[in-house]
Amino acid sequence: MQLATIFLGFIVFGISENIKGPAIPRIQFDFNLDEKQLGTLLSLNALGYLIACSFTAVLVRKWGIKAVSIIAFASMIFSGVLIYISHSYPLFSASYFLMYIGNGMLEIGLAILGARIFVKNTGTMMNLSHFFYGFSSTLAPLLATGLMTVSIFGHTLDWREMYLVMLSLSLLPILFALRSTFPGDDLPYEDRIPLKTLVRDPALWLMVLILSFGVVSELAVGGWLVNFLEKAYLWDTVTASGMLSTFFLCFSLARLLLGPVTDKIGFNLSLIIFSAFSALCTFAAILGGEKLAFLFAAAGIGIAMIYPTVMAFIAKRYPHGSDTAITFTVTLMGVGSVIGNYAIGAVIECVKLLYGAETQTGLLRGLQAGYGFIGLCAAICAISGCVLYRYLHRRQELI
């Protein structure tokens with residue numbers, strides 16, 4: 001029951017985050033939104049996520065992870081109902097905002113659940129759980145598109161009904177959660193590690209660095225790879241998108257197959273090796289030109305392992321404070337990833353100006369520099385991992 005709850009939870013999480021792609025053009029048309037309004041709507045993702053980070057751990061302490069998980073899933077269903085009945089933009093934007101608060105609660109809740117449940121083979125199980133997120137994320141746009149072509153009694157489902165159907169899948173993990181008991185809810189508050197103690201641990205701050213730069217490197221690929229291949233190498237959209245799909249294939253397979261490696265060699269060493277591999281692949285792909293472009297996809301093997309391995313590390317290091325440690329780390333990661341993604345765009349623009357903003361050479365060098373920054377983020381993960389390794393080795397606390 002516990003495994004079903006967390007695996008189905010990650011499937012629902014992946015679906016809720018990634019069904020927006022096919023729906024966005026229809027939403028924009030129905031509400032007559034300009035690009036600025038659309039950007040504001042999508043920015044609710046980050047805002048709702050950060051708000052959820054601020055209170056989810058408090059609720060876990062007060063009510064327990066079981067109750068908070070059920071509330072998070074229920075909020076997804078409720079937001080789906082509100083989206084279904086929203087025929088004005090204010091109601092729709094409020095419904096969308098609620099969905100993203102539920103998303104944030106879900107991400108932190110699932111991370112805490114995993115930390116409490118996976119006490120054995122932690123790296124394997126964390127990576128397997130995140131594989132289900134990647135798997136559902138891959139299928140979500142296809143499912144959403146397919147649903148919006150389904151006709152029932154002569155009525156073709158629109159994007160509102162698609163959201164209702166997809167978010168209603170949250171009922172499945174609720175049913176399993178209701179029949180489950182989760183460890184840690186019976187732990188007295190006095191036995192939990194307080195936040196003041198956690199923030200004095202240098203290892204936790206190094207985890208924040210590793211996770212923040214790792215997530216920037218991971219998310220930036222989705223936003224910049226196709227753009228890079230089309231403008232730098234003049235690839236057509238289909239071929240460039242195929243390379244992005246290959247990246248996500250490598251990404252998902254790595255989480256499915258390489259989890260046991262992290263348990264065998266240790267989480268700290270795994271973070272160093274996998275992030276360094278991603279950095280080397282990215283730099284080699286940039287320096288090697290078009291003939292080594294396949295290494296952009298191969299970089300997904302390394303970067304895929306960072307998030308779940310950091311979660312496994314936290315679960316092992318802070319068994320009585322994993323909820324607070326995860327919330328603290330993931331909140332700062334959210335702030336850091338926003339800054340990091342802005343930095344990529346700034347690097348591209350600055351280098352373009354140096355080489356000539358309107359020239360093909362300037363565009364190429366700017367894109368190379370921007371993508372080089374993505375590789376640099378992975379390299380900083382590896383360097384931070386080395387610092388962490390040295391710190392823990394001196395204290396004989398290697399994980």
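No experiment lies behind these values; they were computed from the predicted model shown.
- Among all heavy-atom pairs drawn from Ala254 and Met305, the shortest one is O-SD, 3.5 Å.
- Of the possible donor and acceptor atoms, none in the side chain of His155 sits under 3.5 Å from a partner among the backbone N and O of Ser151.
- Residues forming a ring pair (Phe, Tyr, Trp, His ring centres under 6.0 Å) with Tyr89 (at least two apart in sequence, or on another chain): Phe31.
- Here the side chain of Ser95 pairs a donor or acceptor atom with the backbone of Leu91 at under 3.5 angstrom.
- Rounded to the nearest 0.5 Å, atoms CE (Met99) and CD1 (Ile101) are 11.5 Å apart.
- Between the side chain of Asp263 and the backbone N or O of Thr124, at least one donor-acceptor pair lies under 3.5 Å.
- Both Met148 and Leu169 belong to a common hydrophobic cluster when Ile, Leu, Val, Met, Phe, Trp and Tyr are linked at side-chain heavy-atom distances under 4.5 angstrom.
- No side-chain donor from either of Thr309 and Ser270 sits under 3.5 Å from a side-chain acceptor of the other.
- Environment of OH in Tyr355: sparse, with no more than 12 heavy atoms of neighbouring residues, nucleotides or ligands closer than 6.0 Å.
- Taking each heavy atom of Ala232 and Leu367 in turn, the nearest pair found is N-CD1, 4.0 Å.
- Between Tyr96 and Phe92, the ring-plane angle classifies as tilted under the 30° and 60° cut-offs.
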Step by step, work out the side chain to side chain contact (heavy atoms under 4.5 Å, CB included) result for Thr239 and Leu229.
CA-CA 9 Å; Thr239 307; Leu229 295 174; over 6 Å; no
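- With a 4.5 Å cut-off on side-chain heavy atoms, Thr181 and Met1 do not count as touching.
- The backbone N or O of Leu175 sits nowhere less than 3.5 Å from a side-chain atom of Arg179 that would complete a donor-acceptor pair.
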Are Trp205 and Tyr391 close enough, and set up right, to give a ring-ring contact (aromatic ring centres under 6.0 Å, His included), and what steps lead you there?
CA-CA 12 Å; Trp205 287 100; Tyr391 171 77; over 10 Å; no
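- Between Gly14 and Ala140, the shortest heavy-atom distance links the atoms O-CB, 4.2 Å.
- Here the side chains of Val261 and Leu258 are in contact, with some heavy-atom distance below 4.5 Å.
- A salt bridge links Asp323 to Arg116: one of the charged nitrogens lies within less than 4.0 Å of a carboxylate oxygen.
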Could you go through Asp201 and Arg317, starting from their C-alpha distance and side-chain angles, then the distance that decides it, and tell me whether this counts as salt bridge (charged side-chain N to carboxylate O under 4.0 Å, His left out)?
CA-CA 11 Å; Asp201 183 7; Arg317 186 166 175 83; 3.0 Å; yes
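- Put simply, the residue from Ser79, Ser75, Ser16 that forms a side chain to side chain donor-acceptor pair (under 3.5 Å) with Asn103 is Ser16.
- The cluster map of Ile, Leu, Val, Met, Phe, Trp and Tyr, joined by side-chain heavy atoms under 4.5 Å apart, puts Phe7 and Phe135 in the same cluster.
- Grouping the Ile, Leu, Val, Met, Phe, Trp and Tyr side chains by contacts below 4.5 angstrom, directly or via other members, places Phe294 apart from Tyr371.
- Considering every non-hydrogen atom in both Ser170 and Val12, the closest pair reads OG-CG1, 3.2 Å.
- Note: Tyr133 and Phe13 have tilted aromatic rings, judged against thresholds of 30 and 60 degrees for the angle between ring planes.
- With Ser136 contributing its side chain and Ile11 its backbone, the two residues share a donor-acceptor pair below 3.5 Å.
- Residues Asp158 and Arg26 have side chains not in contact (no heavy-atom distance under 4.5 Å, counting atoms from C-beta outward).
- At distances below 3.5 Å, at least one donor-acceptor pair connects side-chain atoms of Thr149 with backbone N or O atoms of Gly146.
- Minimum heavy-atom separation, Thr122 to Phe118: OG1-O, 2.8 Å.
- Side chains of Leu295 and Thr282 form no contact here, defined as non-hydrogen atoms less than 4.5 Å apart.
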Would you sort out whether Ile71 and Leu59 count as a side chain to side chain contact (heavy atoms under 4.5 Å, CB included), showing the intermediate values?
CA-CA 10 Å; Ile71 290 170; Leu59 295 184; 5.6 Å; no
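- Within the model, atoms OG1 of Thr262 and CG of Asn268 stand 12.0 Å from one another, a figure rounded to the nearest 0.5 Å.
- For the pair Glu397 (side chain) and Leu392 (backbone), a donor-acceptor distance under 3.5 Å is absent.
- Other residues, nucleotides and ligands place more than 12 heavy atoms under 6.0 Å from the CZ atom of Arg394.
- For the atom pair CG (Leu388) and CG (Leu206), the distance works out to 5.5 Å, reported to the nearest 0.5 Å.
- The hydrophobic cluster containing Ile51 also contains Trp63, counting ILVMFWY residues as joined when their side-chain heavy atoms lie under 4.5 angstrom apart, directly or transitively.
- Other residues, nucleotides and ligands contribute only 12 or fewer heavy atoms inside 6.0 Å of the OH atom of Tyr84.
- No donor-acceptor distance shorter than 3.5 angstrom exists from the side chain of Ser252 to the backbone of Leu249, with no hydrogens or angles considered.
- Panel note: side chain Ser278, backbone Gly302; no donor-acceptor pair is recorded below 3.5 Å.
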Report the C-alpha distance between Leu256 and Asn127 in whole Å, list the side-chain angles of each, state the deciding distance to 0.1 Å, and finish with yes or no for side chain to side chain contact (heavy atoms under 4.5 Å, CB included).
CA-CA 7 Å; Leu256 180 64; Asn127 277 283; over 6 Å; no
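- Remark: Tyr389 pairs with no residue by the side chain to side chain donor-acceptor pair (under 3.5 Å) rule, at least two apart or across chains.
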Given side-chain hydrogen bond (donor to acceptor under 3.5 Å, both in side chains), test Arg255 with Ser129 step by step and report yes or no.
CA-CA 8 Å; Arg255 286 184 169 176; Ser129 300; over 6 Å; no
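- Summarising the geometry, atom CD1 belonging to Ile112 is positioned 8.0 Å from atom OG belonging to Ser69; distances are rounded to the nearest 0.5 Å.
- Here the CD1-OG1 distance, from Ile314 to Thr329, works out to 3.5 Å after rounding to the nearest 0.5 Å.
- Contact annotation: the side chain of Ile83 never approaches that of Leu164 to less than 4.5 Å [non-hydrogen atoms, C-beta and beyond].
- Here the options are Phe228, Phe247, Phe251, the test is ring-ring contact (aromatic ring centres under 6.0 Å, His included), and the partner is Phe296; only Phe228 passes.
- When side chains are defined from C-beta on, Leu211 counts as touching Tyr307, because their heavy atoms get closer than 4.5 Å.
- Cluster membership check: Ile301 shares its hydrophobic cluster with Ile265, using side-chain heavy-atom separations under 4.5 Å among Ile, Leu, Val, Met, Phe, Trp and Tyr.
- When each of Ile374, Ile303, Ile344, Ile339 is paired with Val216, the side chain to side chain contact (heavy atoms under 4.5 Å, CB included) condition holds for Ile344 and for no other.
- Environment of CZ in Phe213: sparse, with no more than 12 heavy atoms of neighbouring residues, nucleotides or ligands closer than 6.0 Å.
- Panel note: side chain Lys66, backbone Ser180; a donor-acceptor pair is recorded below 3.5 Å.
- Listed here is the closest heavy atom pair of Phe73 and Leu106: CE2-CD1, 3.2 Å.
- Here the CD1-CE distance, from Ile117 to Met125, works out to 9.0 Å after rounding to the nearest 0.5 Å.
- For the pair Lys352/Val347, no side-chain contact is recorded, criterion being any heavy-atom separation below 4.5 Å from C-beta on.
- Proximity of Val68 to Met105: side-chain heavy atoms (C-beta onward) are separated by under 4.5 Å at one or more points.
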